[in-house]
2 protein chains.
Amino acid sequence: MPHGQSLVEQLRDNGLKLTPQRHLICQLIENNHDHPTVDDLYEQATAVMPSMSLKTVYTTLYELAGLGAIRLVNVGTGGFRVECNLSPHSHLVCRSCGKVMDVPVDPAEHADLSVLKEYDFEVEQREIIFRGLCGECAGRAGEGPGA
Amino acid sequence: MPHGQSLVEQLRDNGLKLTPQRHLICQLIENNHDHPTVDDLYEQATAVMPSMSLKTVYTTLYELAGLGAIRLVNVGTGGFRVECNLSPHSHLVCRSCGKVMDVPVDPAEHADLSVLKEYDFEVEQREIIFRGLCGECAGRAGEGPGA
DNA sequence: GTGGTAGTCAACAGTCGTTGTTATTTAACA
DNA sequence: TGTTAAATAACAACGACTGTTGACTACCAC
C-alpha cells in the first residue's frame, strides 16, 4: 500500500469527496490483486450498486492514477488495466488469452542505458513486457487438433 | 529488408495476390521509415487511390504482419503503429505528442532473465518502452505559461 | 486470348472502449 | 441545518477496429 495509506485515505487526503461509489471502487481494487480491466471493475461494481455508471468508474480510476495510488497500464490487449502493485516490476502478457502477470523484474535495473543519453528525450518511466503463451494456453496449443 | 525481399515479393511468395491496393500499401510502408498509424497510411493511400477502403489497409497490414514482413506495435497511444524496422530495438514514446522513436537497445540482451524460468510462461517476444518527453515537448514544457 | 475460380475489394453497418455534456444529487463543512 | 462546490447517472457521441456481402479481378489452365 503506497504511503501506508488505503486508497480511500488517499482520496480524502487529496481533497476528494468520499462518495459511496468511490468507496466501492477502492474496495474492489484493493481486494483484487490481479490486473482487472475497467469492464471487470464495472461489472463487479454494478453487482453491488446497480446504478453505478461506467463513466464514474473511469473517472475514479483516473483520479486514483493521478494521485499515484494506482497505475493504469496498456499492454495492447484492448482497453487498459488497473495495476494495484506499485512495486517496480514487469509484465508477462499471454497473446492467446490476454492474461497479464507480474514478474519481479525492475525495469530501472534492466533497461537503464547510457545509449539513451545520446537521444534528446527525457525518460520518465521504463516498461518491459514479455509476450508469449501462458502455461495453460501453451498446453492447449500443444494438444493435437483431434478429439 | 527481411530475407532480402521487398514487401510485394513476400506477399507473392506466400501466395497472396498482387493487387494494386497491396502494391500501394507496400510502397507507402517501404518509403516510410517512421511509425505510421493505420490512419496515416490510409490518408496517404487515399491521396493516390481515392477508392481505397480503410478495411483494406487493415487487412493488408495484418497479412504483412502475419508473414513477419512488418510488425504492428501498440505503445498505448491509441491505435497501433506500423513498424518497418525489423532489427531488434526498443521504443521511446513521448507522453505529450505521442511520437515514437527507435533506440538501438536489443530487448533480448537487456531483458533476458533467468527469473522468467520460474514462471510457467513461454516467452516469445520482449519489448522495452521508455516513456517520457521528447526534446521538443520538454522544451515547450520548460517555457513559462506567460507570453 | 479466353474462361473459370478463388481470392480480394469497397461499402457500410456494427462493436468496443472511452469521453463529453448536463441536469440532478450529495458530501463536506460552516 | 443550510450552503455550495463537487460528483453522479444518463445518454449521446467519438475513434479505432471488424464482420458481412455482393461485385470485381488477378491468376492459372487451356
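Below, each value reflects all heavy atoms present in this structure, side chains not excepted, and no hydrogens, waters or symmetry copies. So you know, we letter chains A, B, ... as the sequences are listed, proteins then strands, and number each from 1.
Each of Met52(A) and Arg12(B) lies near DNA chain D, and the nucleotide nearest Met52(A) is the one positioned closer to the 5' end. Nearer to the 5' terminus of DNA chain D, by closest-nucleotide assignment, is the contact made by Gly15(A) (compared with the other of Gly15(A) and Pro20(B)).
One interatomic measurement links the two molecules: CG of Asp39(B) to P of dC14(D), which rounds to 16 Å at whole-angstrom precision. Rounded to an integer number of Å, the gap from CG of Asn74(B) to C1' of dA16(D) is 11 Å. Atom C1' of nucleotide dC28(D) and atom NZ of Lys17(B) are separated by 9 Å, given to the nearest angstrom. Rounded to an integer number of Å, the gap from Tyr58(A) OH to dT21(C) C1' is 18 Å. Counting to the nearest Å, the C1' atom of dC28(D) and the CG atom of Leu18(B) are 15 Å from each other. Rounded to whole Å, atom C1' of dT8(D) lies 11 Å from atom CD1 of Ile25(A). At whole-Å resolution of the value, CD in Glu63(B) and P in dC9(C) are 7 Å apart. Rounded to an integer number of Å, the gap from NE2 of His23(B) to P of dG7(C) is 21 Å.
Among all heavy-atom pairs drawn from Arg131(B) and Phe121(A), the shortest one is C-CE2, 3.9 Å.
A donor-acceptor contact closer than 3.5 angstrom is absent between the side chains of His35(A) and Asp40(A).
Contact check, Thr19(B) against dC9(C): a side-chain N or O comes under 4.0 Å of OP1 or OP2. For Ser53(A) and dA10(D), the shortest distance from a side-chain N or O to OP1 or OP2 is not below 4.0 Å. Dashed line: the shortest gap from a side-chain N or O of Thr56(A) to OP1 or OP2 of dA9(D) is under 4.0 Å. For dC9(C), one of the phosphate oxygens OP1 or OP2 lies less than 4.0 angstrom from a side-chain nitrogen or oxygen of Arg22(B). Regarding contacts with the backbone of dA10(C), a side-chain N or O of Gln21(B) is found under 4.0 angstrom from either OP1 or OP2. In terms of phosphate contacts, Tyr62(B) brings a side-chain nitrogen or oxygen within less than 4.0 Å of OP1 or OP2 of dT18(D).
Taking hydrophobic clusters as Ile, Leu, Val, Met, Phe, Trp and Tyr residues chained together by side-chain heavy-atom distances below 4.5 Å, Val38(B) does not share a cluster with Val73(B).
Put simply, the residue from Arg81(B), Glu83(B), Glu127(B) that forms a side chain to side chain donor-acceptor pair (under 3.5 Å) with His91(B) is Glu83(B).
Across all strands shown, Leu16(B) has heavy atoms under 4.0 Å from sugar-phosphate atoms exclusively, and none from any base. Within 4.0 Å (heavy atoms only), Pro50(B) reaches no atom of the nucleic acid at all.
For dA11(C), the base has no donor-acceptor partner in the side chain of Lys55(B) [N/O atoms by modelled type, under 3.5 angstrom].
Taken to the nearest 0.5 Å, the CG atom of Leu7(B) stands 7.0 Å off from the CG atom of Leu11(B).
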